[in-house]
Amino acid sequence: MFIGEASKLSGATQRAIRLYESMGLLKISREGKYRTYTHKNIELIKIIKDAQSLGLILSEIVTILGQQEEFDWNLVHDFLNQKYSMIEDEIQKLEIQKKNIKKTQRSIITCLKELDSNP
């Protein structure tokens, strides 16, 4: 199939598909001057899109895929565990920041009340 059909089946734009190919994420065969896509390519495009929706960036996906034709699913699993831990750490930092904001807001309200009561 050609890129238009690959785009429809995968849900990725033609531009995104070309980008994946230029980054080495997709190995596409050619018939003459036309790129031809297989169902395996379509599935890989969908996986790349899913990975991006999980917060992975294309350069990380390139690292995971390396020179292989297919993902090393153990490596993907480990990478996602690391990503999950990083997100958990960030959530904890944001929760602390959120508490500090609330504390500062309460202090400001207290100061304002004191100023209003002491003209």
Side-chain angles (χ1 to χ4, degrees):
M1 75 189 81
F2 298 123
I3 195 166
E5 189 175 352
S7 176
K8 287 178 190 169
L9 291 173
S10 67
T13 64
Q14 292 182 22
R15 184 176 179 184
I17 294 171
R18 287 187 190 101
L19 175 62
Y20 301 160
E21 184 182 356
S22 71
M23 293 183 77
L25 291 169
L26 291 174
K27 312 284 190 271
I28 306 300
S29 53
R30 292 184 173 267
E31 286 183 20
K33 64 178 182 172
Y34 297 102
R35 296 176 177 100
T36 57
Y37 298 84
T38 64
H39 291 286
K40 188 175 175 180
N41 294 137
I42 302 305
E43 290 307 311
L44 186 54
I45 293 167
K46 289 178 182 179
I47 290 170
I48 293 167
K49 285 185 58 182
D50 288 344
Q52 286 182 291
S53 73
L54 294 172
L56 276 73
I57 56 175
L58 290 176
S59 61
E60 292 171 326
I61 299 169
V62 168
T63 300
I64 292 170
L65 188 57
Q67 298 300 314
Q68 308 166 45
E69 288 290 322
E70 295 184 21
F71 282 108
D72 176 343
W73 291 108
N74 291 317
L75 186 59
V76 173
H77 182 268
D78 293 344
F79 186 84
L80 289 175
N81 277 338
Q82 290 174 355
K83 194 79 166 174
Y84 184 88
S85 293
M86 289 170 51
I87 290 169
E88 283 293 324
D89 291 344
E90 188 66 26
I91 288 170
Q92 287 178 343
K93 289 175 187 173
L94 289 172
E95 285 294 331
I96 291 168
Q97 188 176 12
K98 183 178 162 183
K99 287 177 186 175
N100 288 336
I101 288 171
K102 285 293 184 188
K103 182 179 174 184
T104 302
Q105 286 177 321
R106 285 191 299 272
S107 294
I108 291 170
I109 289 170
T110 301
C111 285
L112 289 173
K113 286 180 182 177
E114 288 177 7
L115 288 172
D116 284 344
S117 67
N118 294 324

K.L.:
If you measure from CZ on R15 to OG on S7, what distance do you get to the nearest 0.5 Å?
P.N.:
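The OG atom of S7 is 13.0 Å from CZ of R15, to the nearest 0.5 Å.
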K.L.:
From I91 CD1 over to E88 CD, what is the distance, rounded to the nearest 0.5 angstrom?
P.N.:
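These two atoms lie 5.0 Å from each other.
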K.L.:
Does some side-chain heavy atom of L44 sit less than 4.5 Å from a side-chain heavy atom of L26?
P.N.:
yes
K.L.:
Counting neighbours of CZ on R30 that are heavy atoms of other residues, nucleotides or ligands and sit closer than 6.0 Å, is the number greater than 12?
P.N.:
yes
K.L.:
Taking side-chain contact (heavy atoms from CB on, under 4.5 Å) as the criterion, tell me which of L75, L80, N81 meets it with H77.
P.N.:
N81
K.L.:
About how many Å separate CG of L94 and CG of D89, when rounded to the nearest 0.5 Å?
P.N.:
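That separation rounds to 11.0 Å.
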K.L.:
Spell out, as yes or no, whether a donor-acceptor pair under 3.5 Å connects the side chain of N41 to the backbone of T38.
P.N.:
yes
K.L.:
Within a strict 4.5 Å, meaning less than it, do heavy atoms of the F79 and L56 side chains meet?
P.N.:
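Yes; the side chains approach each other to less than 4.5 Å.
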K.L.:
Is there side-chain contact between Y34 and I3, with heavy atoms separated by less than 4.5 Å?
P.N.:
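Heavy-atom side-chain distance check fails, nothing below 4.5 Å.
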K.L.:
Working to the nearest 0.5 Å, report the span between CG of D116 and SG of C111.
P.N.:
11.5 Å
K.L.:
Do Y84 and I61 belong to the same hydrophobic cluster, where Ile, Leu, Val, Met, Phe, Trp and Tyr are linked whenever their side-chain heavy atoms lie under 4.5 Å apart, directly or via other members?
P.N.:
no
K.L.:
Is E43 salt-bridged to K46, cutoff N-O under 4.0 Å?
P.N.:
yes
K.L.:
Of all the heavy-atom pairs spanning F2 and R35, show the shortest one and how long it is.
P.N.:
CD2-O, 3.3 Å
K.L.:
Rounded to the nearest 0.5 Å, what separates atom OG1 in T104 from atom CD1 in I109?
P.N.:
11.0 Å
K.L.:
What I'd like to find out is whether the side chain of L9 reaches to under 4.5 Å of the side chain of M1, using heavy atoms alone.
P.N.:
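Yes, side chains in contact.
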K.L.:
When you group the ILVMFWY residues by side-chain heavy-atom contacts below 4.5 Å and let the links chain together, are L58 and M86 in the same group?
P.N.:
no
K.L.:
Around E31, counting heavy atoms of other residues, nucleotides and ligands shown, do more than 12 lie under 6.0 Å from its CD?
P.N.:
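No, because the 6.0 Å sphere around CD of E31 holds 12 heavy atoms or fewer from other groups.
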K.L.:
With rounding to the nearest 0.5 Å, note down the distance linking OG in S10 to CD in E5.
P.N.:
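S10 OG to E5 CD: 10.5 Å, rounded to 0.5 Å.
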K.L.:
Using the rule side-chain contact (heavy atoms from CB on, under 4.5 Å), only one of L19, I17, I45, I48 pairs with L25; which is it?
P.N.:
I48
K.L.:
Kindly determine whether K98 and E95 satisfy side-chain contact (heavy atoms from CB on, under 4.5 Å), including the steps that lead there.
P.N.:
CA-CA 5 Å; K98 183 178 162 183; E95 285 294 331; 4.1 Å; yes
K.L.:
What are the two closest heavy atoms between A12 and K49, and how far apart are they?
P.N.:
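Nearest pair, atom of A12 first, then K49: CB-CD, 3.6 Å.
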